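Because the structure is predicted, anything quoted here is derived from the model rather than measured.
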Amino acid sequence: MAAMNNMIRGWGRSAERVGLGLALIALLWTTPALAQRTLEDIQFSTGGGGRVDVTLKLSEPVADAQVFTTDDPPRIAVDLPDTRNGFGGRLVVGSGATSAISAVEAGGKTRVVIDLFRAASYESRADGNALIVTVAGSTSTSGGATVKASSNDPVKRVEDGLAVSGVDFRRAADGAGRVILGFSGSGVSADMRTEGSRVVVDAEGVQLPEELAQKLDVVDFATPVQFIETRRTPSGVRMIITNSGQFESLAYQTEGEFVVEVSPVQPEAADAAPGSRIGLKDEEKKYTGTPVTLNFQDVPVRSVLQLLADVSQTNIVAADTVQGSVTLRLVNVPWDHALDIVLQAKQLDQRQQGNVIWVAPQAEIASFEQAKADARIALEQRAELITEYIPINYGNAEQIAGLLTDERKKAEGGGDGGDSGGFLSPRGSVSFDQRTNTLLVNDIALKIEEIRDLIRVLDRPVEQVLIESRIVIATEDFSREIGARFGLSGGRERDTYFSGNLETNRTHYNAVNQSRIDNANSIRDWIIANDGSPPPVTTLPIPTRGLGVNLPVADPSAGSLALSILNAGYLLDLELSALETDGRGEVIANPRVITANQQEAVIKQGQEVGYVTLQQSGGGAGNFTVEFKEVVLELQVTPTITQDNRVFLKMNVKKDEVEGFVTTPLFSVPQISKREVNTSVLVENGQTVVLGGVYEFKSIDDIKKVPFLGDVPALGALFRNKLKSRSKAELLIFVTPKILSLDTRQ
């Protein structure tokens, strides 16, 4: 066993000289031994200052583990002799100086490799069946392991007198509060944590000028951030950001600035997926990557890109000019969002093709794309021109030719002189033959192929739509009228007879009575001659002489009942008339029309009604002329077929009728009843929709009566005329559009 330990120490010294790759090869050549222990699991936890505790859980206690480090690449290796690997895979950490953890087994031995972003100190200890390796967040020496300090050592730079240079607050467009803590130099190790409604930032070994030790009130900026307090601590500077409501915090550090952004979270989004609302987000871009937690302190950008590539299983290629370091603290952030933040912090940009992402400085990518565009233009300028004849089947060759050259005409009119030839190259031209409906294109082969693809999209048969409309006009009328004529005569005539000249009065009295007797005889003769049928009222009217109440039904076609009672000297005349009408009517119009997509169609049917008008002349005399007015049923519609196979209709429906004529002393003028709907509506294919309707209701209760007598119960009906009228009218307009396919058109 001692020989084995000496051999393992030899491996460690070799790894320090030539790297971990040769050490792994040496491990594979080691003589196999019987594995008695099992590495069951590997876990890690993070602490303050970027510290990471790596816990190796084994099936049995371990006392002979060997730990050593390498500088290029920076790694910590743990050799477990006589141990079988039961963990497998790779564990991504991304916190402090620790990048990832992996384990490999060979020859009955297991080696655990802790990949580092930079060289860092470590400590190891055994705890029962577990071996704990603590990796420090900053460079120092510990545990007997010597590690070189780089020129970016934050401890060294703090000793040079780093201080806070400024505290700034800004409001982002999405309502987030952005706190910027500036330093006089780079290399500061800052740590952020959330404590309830507060975000606390600690910067170790940094001085705070007296004028910056203050508390800022930023409530008026309408962000979650309410107060910002910066104060000294025994070890450096502490910033306390007090917030309100629900929020999410994000921090990143670049060169001499540490930025904390606090974003509001709406109540309905509080339970959303982690990382769905993070500060510094692009409102138009949605991040869907796997959430990661990163805590970097002055880590090379290339190492961060490698870590993100491992997490996302995406190929990331970094240009040689991608250099520098970055400090980030991201908690539960989608990996694609974290990538954008890193690129923004270092003025980098990305271009993606498939699952490969190319990362380079923004200026380099811009220069590359400009050079690529210049090369394409130069190639087009040298390409040979060819002529093609493209027949147009359904469209208009002249219109398509205009479409291909519109952009060039605009560019020539604007005088910008740029490459704005529309769909043609700067040397290309297009003409058309109206007789054969053919395009004549002279251009390079690439542009002609693009024009062919465009014409295949545009030159298609236009879909047609059948629009069927139904106009329903329903009417209902009810009317009832009851009237009476009532009179009593005879008494005054008899008094006159006894008080005046006997001979004259007797003659007058006898004449009145004889007239009534003759009238009664005439009615009797009519009944006998007509087989018992009563005479018409207009033929044998009841004499109106002596009628005291005259409230009959106004309509002469109303039925009536007359009664006359004659006794010695008195005559009672009574006529009851009544009329009741009940009518129902329905008018249905069904105009139908077929039209192409986005083409207006009009169909109408009716007549022109003439009327006479008087045109005054200067001399005072007038001229009579005949003018005509359209009284038609008209359907005017423009359909638009949407991409989801629905129909948008812009339509006007009109139904006119002649209600009657207005009579003037010279001529009659027609009175026209108009019904019209002008609207736009979106309808499913084949669906019937009610465009609109008008419902009219008219009620009339009219009573004419003799005062006092008309209110007498029962008997009062003889002294009044009662009219009751009800009328209803309803207008409904139905429309059904149907898209006609090629095989269903007739």
Side-chain angles (χ1 to χ4, degrees), residues 462-477 583-618 621-641 647-683 686-698 725 727-740 745-746:
V462 179
E463 294 181 294
Q464 300 186 36
V465 183
L466 168 65
I467 298 100
E468 181 176 0
S469 178
R470 184 178 296 268
I471 305 172
V472 180
I473 304 173
T475 59
E476 181 177 343
D477 299 307
R584 290 179 176 85
E586 186 175 281
V587 179
I588 300 178
N590 186 207
R592 299 169 50 169
V593 65
I594 296 178
T595 183
N597 184 27
Q598 296 184 346
Q599 297 296 319
E600 183 183 48
V602 179
I603 183 172
K604 59 183 177 180
Q605 176 188 9
Q607 59 183 348
E608 289 188 344
V609 179
Y611 57 95
V612 180
T613 60
L614 177 61
Q615 303 291 335
Q616 294 290 345
S617 61
N623 296 324
F624 291 96
T625 59
V626 178
E627 296 186 0
F628 293 90
K629 179 70 174 179
E630 280 190 347
V631 181
V632 297
L633 165 65
E634 182 178 7
L635 172 63
Q636 182 178 354
V637 59
T638 304
T640 300
I641 302 175
V647 183
F648 179 79
L649 298 175
K650 182 179 181 181
M651 59 189 313
N652 180 272
V653 183
K654 182 168 61 174
K655 177 73 169 66
D656 299 339
E657 289 182 353
V658 178
E659 290 289 335
F661 290 86
V662 178
T663 304
T664 66
L666 297 177
F667 39 73
S668 297
V669 179
Q671 184 178 2
I672 300 175
S673 175
K674 298 180 69 66
R675 301 175 180 90
E676 184 175 0
V677 173
N678 191 346
T679 185
S680 299
V681 63
L682 182 64
V683 189
Q687 179 185 5
T688 300
V689 64
V690 181
L691 289 185
V694 178
Y695 179 77
E696 298 179 1
F697 178 77
K698 186 177 181 181
S725 176
S727 63
K728 300 177 183 177
E730 188 171 7
L731 169 66
L732 295 174
I733 300 177
F734 303 87
V735 172
T736 305
K738 297 179 181 178
I739 301 176
L740 303 180
R745 294 180 193 140
Q746 300 296 330

Q: With rounding to the nearest 0.5 Å, note down the distance linking CZ in Phe648 to OG in Ser680.
A: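 Interatomic distance, Phe648 CZ to Ser680 OG, rounded to 0.5 Å: 4.5 Å.
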Q: Find out whether Leu633 and Asp656 are in side-chain contact, i.e. whether some heavy atom of one side chain is under 4.5 Å from a heavy atom of the other.
A: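 No. Closest side-chain heavy atoms not under 4.5 Å.
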Q: Is the shortest distance from a Lys or Arg side-chain nitrogen in Lys655 or Glu676 to a carboxylate oxygen in the other one below 4.0 Å?
A: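 The answer is no: the pair does not qualify as a salt bridge.
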Q: Testing the basics here: between Lys728 and Asp477, what is the closest heavy-atom pair and its distance to 0.1 Å?
A: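 Distance-wise, the nearest heavy atoms are N-OD1, 4.5 Å.
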Q: Identify whether the distance between the nearest side-chain nitrogen and carboxylate oxygen of Lys654 and Glu634 falls below 4.0 Å.
A: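 Looking at Glu634 together with Lys654, the answer is yes, because their closest N to O distance falls below 4.0 Å.
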Q: Do Ile594 and Leu740 pass the side-chain contact (heavy atoms from CB on, under 4.5 Å) test, and can you show the C-alpha distance, the side-chain angles, and the key distance before you say yes or no?
A: CA-CA 9 Å; Ile594 296 178; Leu740 303 180; 3.9 Å; yes
Q: Below 4.5 Å, heavy atoms only, C-beta onward: do Leu682 and Val647 meet side chain to side chain?
A: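 Side-chain contact under 4.5 Å: no.
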Q: Is Val609 close to Ile672 at the side-chain level, that is, under 4.5 Å between some pair of heavy atoms?
A: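 Ile672 does not reach Val609 side chain to side chain.
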Q: Under the side-chain contact (heavy atoms from CB on, under 4.5 Å) criterion, do Glu659 and Glu657 qualify, and how do the steps go?
A: CA-CA 6 Å; Glu659 290 289 335; Glu657 289 182 353; 4.0 Å; yes
Q: Could you measure the distance from the CD1 atom of Ile471 to the CD1 atom of Ile733? Nearest 0.5 Å is fine.
A: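 So the gap between those two atoms works out to 5.5 Å.
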Q: Quick one: closest heavy-atom pair of Leu635 and Ser469, and the distance?
A: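 Distance-wise, the nearest heavy atoms are CD2-CB, 4.1 Å.
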Q: Roughly how far, to the nearest 0.5 Å, is CZ of Phe628 from CD of Gln607?
A: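 Between atom CD of Gln607 and atom CZ of Phe628 there are 11.0 Å.
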Q: Looking at Val593, Val465, Leu466, which one forms a side-chain contact (heavy atoms from CB on, under 4.5 Å) with Pro639?
A: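 For Pro639, the side-chain contact (heavy atoms from CB on, under 4.5 Å) check succeeds only for Val465.
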Q: Could you list the residues that satisfy side-chain contact (heavy atoms from CB on, under 4.5 Å) with Arg470, not counting sequence neighbours?
A: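 Once residues adjacent in sequence are excluded, the partners of Arg470 under the side-chain contact (heavy atoms from CB on, under 4.5 Å) criterion are Glu468, Val472, Ile588, Asn590, Phe734.
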Q: Does Val681 form a side-chain contact (heavy atoms from CB on, under 4.5 Å) with Leu691? I'd like the steps, not just the answer.
A: CA-CA 8 Å; Val681 63; Leu691 289 185; 3.8 Å; yes
Q: Would you mind writing out the side-chain donor-acceptor pairs for residues 597-606 within the sub-3.5 Å range, not counting sequence neighbours?
A:
residue, atom, partner, partner atom, Å
Asn597, OD1, Ile641, N, 2.8
Glu600, OE2, Gln636, NE2, 2.5

Q: With side-chain contact (heavy atoms from CB on, under 4.5 Å) as the criterion, how do Ile467 and Val735 come out once you've worked through the C-alpha distance, each side chain's angles and the decisive distance to 0.1 Å?
A: CA-CA 7 Å; Ile467 298 100; Val735 172; 4.0 Å; yes
